[in-house]
Every structure is written in C-alpha cells, then in structure tokens.
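In what follows, a single structure is set out as structure tokens and then discussed.
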Amino acid sequence: MDVSHLLDALNPAQREAVTTESPHTLVLAGAGSGKTRVLVNRIGWLTEVTGVPVYGVLAVTFTNKAAAEMRHRISALGGQGGRGMWIGTFHGIAHRLLRLHWQEAGLPETFQVLDSDDQIRLLKRVINDLGLDDKRWPARQAAWFINAAKDEGKRPKHIHSADPATDTLIRIYEAYEVAARRAGLVDFAELLLRAHELWLTQAGLLHHYQQRFGHLLVDEFQDTNTIQYAFIRVLAGSSGRTFVVGDDDQAIYGWRGAKVENVQHYLRDFEGASTVRLEQNYRSTANILKAANAVIGHNPARLGKTLWTADGDGEAIDVYAAYNEMDEAQHAVQRLQRWINDGGAASDCAVLYRSNAQSRALEEALIQAQVAYRVYGGLRFFERAEIKDTLAYLRLIASRADDAAFERAVNTPTRGIGGKTLEQVRARAQADNQTLWEAVLGELAGSSLNGRAKTALRAFVELIEQLDRDTRGMSLAEQIDHSLKASGLYSHYAEESRGTLDARTDNLDELVTVASRFARVEVEEGAEPLPELIGFLAYASLEAGEGQSESWQDCVQLMTLHAAKGLEFPLVCIVGMEEGLFPGQKSMEEAGRLEEERRLAYVGITRARQKLLLCYAETRRIHGMDTFGAPSRFLREIPTDVLNEVRPRVQVSRPNYGSAAPRARFVAEPAPSGLKLGAAVRHAKFGLGVITDFEGDGPHTRVQVNFEDEGSKWLVVSYANLQVG
DNA sequence: GACAGTCCTGTTTTT
DNA sequence: CAGGACTGTC
C-alpha cells in the first residue's frame, strides 16, 4: 500500500506519532511543531492503513474552527474523506449524543441550548424568585459558581456547604436546575455533564459507543476540564485506544476550569501510554525560540520540552520602552507600516495584548495612520441583540416551554406587556411550578389581571400560535423571514435605526441569508434528521459565528493573547509588557496563576514567525488613572543577546514626582558593576552562581543569583560584593 | 415606554 | 475613563 502521502515530509518524531501501535499515546506538541498535521495523518493512517472504519473514529477539538480545519484537511487526504466520522467539539459531540438519546438523558425532544447570556438572564430571574438581593448575589457570579461545579461533575447535592455564602449559591444552583429543566433548557456545561451521566447511567448505550469508537483522538488536551477528561476516560473503557495531543506549556485556560494536570493523569490513568515529543519547530526563527524557551524555562513542574529549529537565527527581537500607551501604539503602528512598505502584507501582522481594553489606543493610532485593521473578539453574529430577539420567536415556535425565549420575545418590540404584568406571570409560574407560557394561559383564564394586560397577553399568545401555524411547511429561511415581519421586530429595528448607520436590519437580512444556506444536518446517518429549525437553533447557540461579517481584506489583526493561540503571523507585536498588566496584578496573588501568565507569554512569543516586537509603557492610563508599571518580568527572562532595545536607556525628562529616584528601566544595569542577566558571579561565601533576576534600581537593586551549591538567593548588590566572571 | 442622569465596577473566553 | 445597569422623570 502506498502510504507516502501520510509519511512524506514528516520528521522521525512525527512519523512515530502517526504510526504508533501503542494503545494510548500522548503527543507533547510544542508550538509550531506540526501537531494538526500529525493528528490528521494519524487519522488517515488508522483508516487507510490499519483498516479502522471511519465510523470507528471520534476526534474531539475545542473550537468549531479547529474542528472545521480538521475535517477539511482530512477530506484533502482523499479516501473516504472522513465522511461518517465523528469530528467535533466536546460540546458539539455531547449535543449530538443528547439529541440522539434525549429520552435516556431525561430531556424533552425539543430541548434548547442556552448560551451564557441567556444563562445569566435566567439566573437573574431565579435569584429574584428566591427573594435574594441581586446586589449581594450577582447572576454572573452564580453562573460562575454553577458552571465551575458542573465542570467538576458536581450536582448541587455533591457540593459540600462550607459556609453560608456557599449554602446560598447551592440553593441558587438547585433552583436554577429546576427552572432550566422545566423550560427544557441545557447550558453549555450541562451538555457535557449530561453526556457524561449518560455513560454512567445507561450501561447499554455506553457499551454500544465503546464498541463503535475504537479510536478516540483529542486535540488541545491540556485544555480539558475534569468532566471532559472523565467523558473520554469512560468512553475509552478498557479497550478503546486513545491518541491525545497537547502542550502543557500552552495551558492558558486554567481560570475557566481546564486542568493541565490531566496531561500527567493521562500517563497514570491510561495503561500503557507512551509519550512522543514534537520539539522541532517549523514556524519561528531561532532567536524567537530562544526567547520562548527562556521564558517558559522559568516555570517549574513542566513535562519538559525544548523547541529548536533547523533554520537560522533571524533578526533580533525588538524591545521598545514607550512613555505611555499612545506612544506605544504609535511605535507599533510605525513598525507595521515599515513592514507593509517593505512589501509585506498587512494581514501578516498581528498586535497582541493582554486585555481587550488595550485595543483602543492601538485602534486610534491605526486610524490616524490609515492602516486597515480588524479586531477579533467582541460580539459575534449570533450574540447580537437583534439576532437573539429573532431567534427567541423561533425558539418559542419550537418549544413554548422555553422561558428564556419567552422573556426575550414577550415585550420586544414593546406591546404593552410591562414589568407589572410579567411580575404576576412569573409569580404564578413560580407558585404553580409552571413554565411562563403555562402561567400566561392560567392568568388569561383567571381574574387577577386587568383587561388591558389580558388583551396584550392574549395577543402575544395568539401571535406565537399564529406564527407556528403559518410557518409549518415553510423553509427555514421563510420561517425566519415571516416571523421577523409578522412579529413586528423587523419594522421595530427599521424604525429604530432610521437615519443612523446602525446595521441592525442588515444583520436581520443576513440572518435570513445564513438560514437559507444552512445545510440540514443529519444527526446520524440513517437516523431521523433533526427538524431543520431545531438544528438551526442549536447551531446558532453552539457556533456563535464570526465577530465581524465583513471579511478578508488585507488588514492588520488585533487580538488578545488568548485569542491568538493556534495562529501564527510573520510579524507579531506584543504590547503592554508591564508588571501589573502582564502578568496581571491578580495573577501574582493566587498560586499557580503566575505560571499561567508565563505560558501566555510563551504562547504570544511563539506566534511570531520572523519578527517580534515587545513593548511596554512607563505610564499607562487604566480606569482613568495613571499607573506606573515596571517592565514585565517576562522581558527580563529573555536572554539579552537576542534582544535589541529600540529605544535604549535614555533618561527621559518627565515630571519629577518629588525626589523620587528614576524608575527602574528595562535591564536595569547597576551602573559600574557590569552585572547582568545570565552573568556568572562569585560571592565570597556562597561561591559561584548565575544571575537570574533583577529587582529595583539604584543603591537598592537586588539580584537573584542561582548558586551552584547554595541554590537561589536574593542579594542586595551594594552589600553583596559580587565578583563578575 | 423612552430618555436622561447616576452609580459602579472594571482580566483572559469558547462552547 | 467608559460601558452597563439601574433609577427617576415626563
């Protein structure tokens, strides 16, 4: 058999991974080491060479984008092109299972997926219904608590109540569960938890899928949370083979429940697991890799991996010390312009930052310089209010029980159903344990509402019923279009945005177009296809769509460091490299968080192919206050020989605050001594060592020295009397 | 129900 | 500083 297309151009480690016969394989794939290729070719190897049927393969990723990319590349391999293979996100796969087995999972057939926005709205109502003060118990925090619990596989009864505050949160969790169940709503974390519980409670089903999926592959394994790990572990059982790809150095989602430890647990829990390291990097210059390796080398407890490249050193990494964030932005933009003037593409450039708020200064500088740019993040298509409003009507058509949709649609556009009326409806629903829809019907039959309110409610009920009748037999796009017009939503938004540049009605038109292109998804070959509407609604929740509809101009890319993971650019600028911002203030207070920030720095640095620019500002306005941050420790962790200070240590005259000494500057060189990072030194008592860190300035400068015999120590330079060399 | 004024609180984000 | 949430007025 000709397998050359699967193995050609692979290095030995990649080949080993693709062809391994080990039952369980952990591929530690460094940044830019060709991990997607390995994953894709591994699947090709399994199906083409070892004769695994395509339906016996389950491949899981974290984002829809990654799943789409994988599907695309598998079909490019030829063969059966992955048709019939289960490839998807954890959430997508869980959703698929729950659709197929809604009865076993204890769900209504028309259950809807609740996105985080809807989840918070629902929680708000639950908190109110419990008579709690929503100031003391913000819905956001409750959502955080509940999601974190679900990510750990915990139902309310599994949580130990440690204190009164936790007790209340558990009560909220319980009430939220009741409300969500009644409304037939499933949030993101619930999808995973239910799917996992399906394995635990339905032995027959589990057995069926264990038989079927002989091979489980997981991408970005370092990002799995407890429940995702458990899901895979249970599904693998004793005979399933697994192939997981990840990089513990790129684990940056611990704050939302991801457990890097899963990488270590894997080696412990999956018997006979072997490890393959992909360390050859095909992306960046040697200088960039040197910087990345040095930074990440400061983290303890790594599985250990050192990136290398067969290519040359490349240019030095520029470091720019800006006066403030405006100066910083202008400098970055200048650098981008130089790149573009030299014939580079704007879309090859990215500016990365720690938090979204930092994009503002950059955008201003880009506009001023007339450089086209695109900001990633922010509201996505299906998250826009007008889109969600429209979908709320469709959700009600599909399921009257959907309280979240009811709340949204009932008075948008306004139709005289105000807070008072709704309060009464909610109270009845609460008292009688009903859905809002049922409560409305009850109120209409009862006598506690006044005539005006009744008329308004009756009109709303009739509207939904009418929409339901009218749209039967229509295509999806027609259903949406009709609902949009008949509900008055379209004219509502047309009116609102009249004479403005607001593109709301454009988005509504776009929604109809998207729907007309929406391909009916068969949940499973041979199985009943999902009703198109239900499928579309799930799609809208699970895949929120692109941030901006205008697409691929040649423009500079702006995004957070988190959003940059998985991407690469010839030119990368990272701005805001200051203590307190990156690493963030909060990261320094909690154990383990600093390491995660450092991994984020590692991710940022390794995005760059050819050219990297690192910037920090001495002054930065944050929340309207001028703040002063020392250069980030991550800068100081980079060996100076790969750095080029664009604006070297010039003492800039700046307003002198009292008699304060000039602030510490990047690579503060304690003047005469020649001490610098990486320098070998001798101490009279501690012997030989290497300087690994600096702190402070002037006579109080301290250095961290890693002594051969004594370990690491902080010393005040002016007392330590260190000998260089 | 629309609008203006006030208070408050500020990482990272996919599904 | 600035966006969101909330309150109070017409």
Side-chain angles (χ1 to χ4, degrees), chain A residues 60-67 88-96 113-121 124 134-135 138-141 143-144 147 150-151 186-193 195 220 223-225 227-228 251-258 325 352-361 376-380 382-383 385 411-421 456 492 495-496 538-545 547 559-566 576 580-590 593 596-597 599-601 603-604 620-627:
Chain A
V60 197
T61 63
F62 274 82
T63 64
N64 290 303
K65 214 166 130 193
T89 63
F90 272 105
H91 292 87
I93 280 162
H95 174 250
R96 196 167 177 177
V113 180
L114 203 62
D115 71 16
S116 19
D117 192 55
D118 289 339
Q119 183 187 31
I120 286 169
R121 285 160 174 270
K124 243 179 211 158
D134 53 8
K135 283 239 155 46
R140 292 201 144 277
Q141 252 164 258
W144 186 267
N147 293 336
K150 289 186 179 182
D151 284 347
V186 175
D187 62 46
F188 290 131
E190 185 77 21
L191 286 171
L192 301 174
L193 184 49
E220 304 279 16
D223 287 338
T224 51
N225 63 30
I227 197 78
Q228 288 161 336
I252 55 175
Y253 287 110
W255 51 274
R256 68 176 197 216
E325 74 277 8
L352 311 181
Y353 35 78
R354 178 66 238 262
S355 76
N356 282 309
Q358 290 171 257
S359 74
R360 169 161 304 224
Y376 280 75
L379 265 198
R380 266 109 41 94
F382 285 107
E383 288 168 359
N411 206 29
T412 322
T414 51
R415 48 172 70 88
I417 303 174
K420 267 230 136 67
T421 312
H492 168 74
E495 180 69 22
E496 194 181 271
Y539 167 81
S541 303
L542 288 170
E543 187 157 359
M559 68 190 87
T560 62
L561 287 151
H562 283 90
K565 189 163 86 144
L581 184 62
F582 186 34
Q585 197 59 53
K586 292 196 174 137
S587 329
M588 302 190 233
E589 292 153 11
E590 214 180 306
R593 297 287 289 279
E596 185 154 308
E597 295 282 294
R599 292 193 289 264
L600 192 55
V603 166
R620 184 180 297 274
R621 288 211 113 173
I622 297 177
H623 310 323
M625 288 235 298
D626 282 324
T627 56

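Throughout, a chain's letter reflects where its sequence line sits, starting with A, and its residues are numbered from 1. This is a predicted model, so every value here is computed, not measured.
- Here the nucleotide nearest the side chain of Arg360(A), chosen from dT15(B), dG3(C), dT13(B), is dG3(C).
- Stacking between Trp255(A) and dT12(B) is shown: the ring centroid lies under 5.5 Å from the centre of the six-membered base ring, and the planes differ by under 30°.
- Within the 4.0 Å cut-off from OP1 or OP2 of dG10(B), not a single side-chain nitrogen or oxygen of Arg140(A) is found.
- At the heavy-atom level, Gly418(A) lies nowhere under 4.0 Å from the strands shown.
- Comparing atom distances between the Phe188(A) side chain and each of dA2(B), dT15(B), dG3(C) picks out dT15(B) as nearest.
- DNA chain B forms stems at B:1-10 with C:1-10, each a run of 3 or more consecutive Watson-Crick or G-U wobble pairs whose two key distances fall under 3.5 Å.
- Contact detail for Thr560(A) and Leu352(A): the closest heavy-atom pair is O-CD2, 4.5 Å.
- Checking side-chain atoms of Glu596(A) against main-chain N and O of Gly254(A) turns up a donor-acceptor pair under 3.5 Å.
- Distance from the side chain of Thr89(A) is smallest for dT15(B) among the nucleotides dT12(B), dG1(B), dT15(B).
- Within the nucleic acid shown, Asn225(A) has no heavy atom closer than 4.0 Å to any nucleic acid atom.
- The residues Glu325(A) and Arg360(A) are annotated as not salt-bridged, no charged nitrogen and carboxylate oxygen being separated by less than 4.0 angstrom.
- Rounding to the nearest 0.5 Å places CG of Leu192(A) at 8.5 Å from OG1 of Thr89(A).
- Aromatic ring orientation, Trp255(A) versus Trp144(A): parallel (interplanar angle below 30°, classes split at 30° and 60°).
- Under 4.0 angstrom from either OP1 or OP2 of dT12(B) there lies at least one side-chain N or O belonging to Asn356(A).
- Applying the 4.0 Å criterion to OP1 and OP2 of dT15(B), one finds that Asn147(A) has every side-chain N and O outside that range.
- In this structure, Gln228(A) atom CD and dT15(B) atom P are separated by 12 Å, rounded to whole Å.
- You'll find that the side chain of Arg256(A) is closest to dT13(B), out of dT15(B), dT13(B), dC1(C).
- For Ser359(A), the side chain to side chain donor-acceptor pair (under 3.5 Å) test picks out Glu363(A), with sequence neighbours left out.
- Across the protein-nucleic acid pair, Asp115(A) atom CG and dT15(B) atom C1' stand 10 Å apart, rounded to whole Å.
- Note: NZ (Lys135(A)) to P (dC7(B)) measures 12 Å, nearest angstrom.
- Separation of the P atoms belonging to dA5(C) and dT12(B) is 16 Å when rounded to the nearest angstrom.
- A donor-acceptor pair is defined here as one N or O able to donate and one able to accept, closer than 3.5 Å; such a pair exists between the side chain of Asn411(A) and the backbone of Ile417(A).
- Among the heavy atoms of the strands lying under 4.0 Å from Asn64(A) are primed sugar atoms or P, OP1, OP2 only; no base atom is included.
- Contact annotation for Glu597(A): base contact, defined as any heavy-atom pair under 4.0 Å involving a base atom.
- Counting only heavy atoms from C-beta on, Arg354(A) has its side chain closest to dT12(B) among dG3(C), dT13(B), dT12(B).
- Residue Gln585(A) contributes atom CD, which lies 16 Å from atom C1' of dT12(B) at whole-angstrom precision.
- Distance CD (Glu495(A)) to P (dG1(B)): 16 Å, rounded to an integer number of Å.
- Side-chain proximity of His91(A) to dT13(B), dT15(B), dT12(B): nearest is dT15(B).
- Formation of a donor-acceptor pair under 3.5 Å by the Ser541(A) side chain with backbone atoms of Val113(A) is found in this model.
- Closest to the side chain of Tyr253(A), out of dT13(B), dT15(B), dG1(B), is dT13(B).
- Note: CD (Glu383(A)) to P (dG4(C)) measures 14 Å, nearest angstrom.
- If you check dG1(B), dT14(B), dC1(C) against the side chain of His623(A), the one that comes closest is dC1(C).
- In this structure, the NZ atom of Lys124(A) is 10 Å from the C1' atom of dC6(C), given to the nearest Å.
- When the side-chain nitrogen and oxygen atoms of Ser541(A) are compared with OP1 and OP2 of dT15(B), none of them lie within a distance under 4.0 Å.
- For the pair Arg121(A) CZ and dC6(C) P, the interatomic distance rounds to 11 Å; values are reported in whole Å.
- Side chain of His562(A), nearest nucleotide from dT12(B), dT15(B), dT14(B): dT12(B).
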Exercise for review: May I have the step-by-step check of side chain to side chain contact (heavy atoms under 4.5 Å, CB included) for Lys565(A) and Tyr253(A), ending in yes or no?
Suggested key: CA-CA 11 Å; Lys565(A) 189 163 86 144; Tyr253(A) 287 110; 4.2 Å; yes
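- Along DNA chain B, the nucleotide closest to Glu543(A) and the one closest to Ile252(A) are compared, and the more 5′ of them pairs with Ile252(A).
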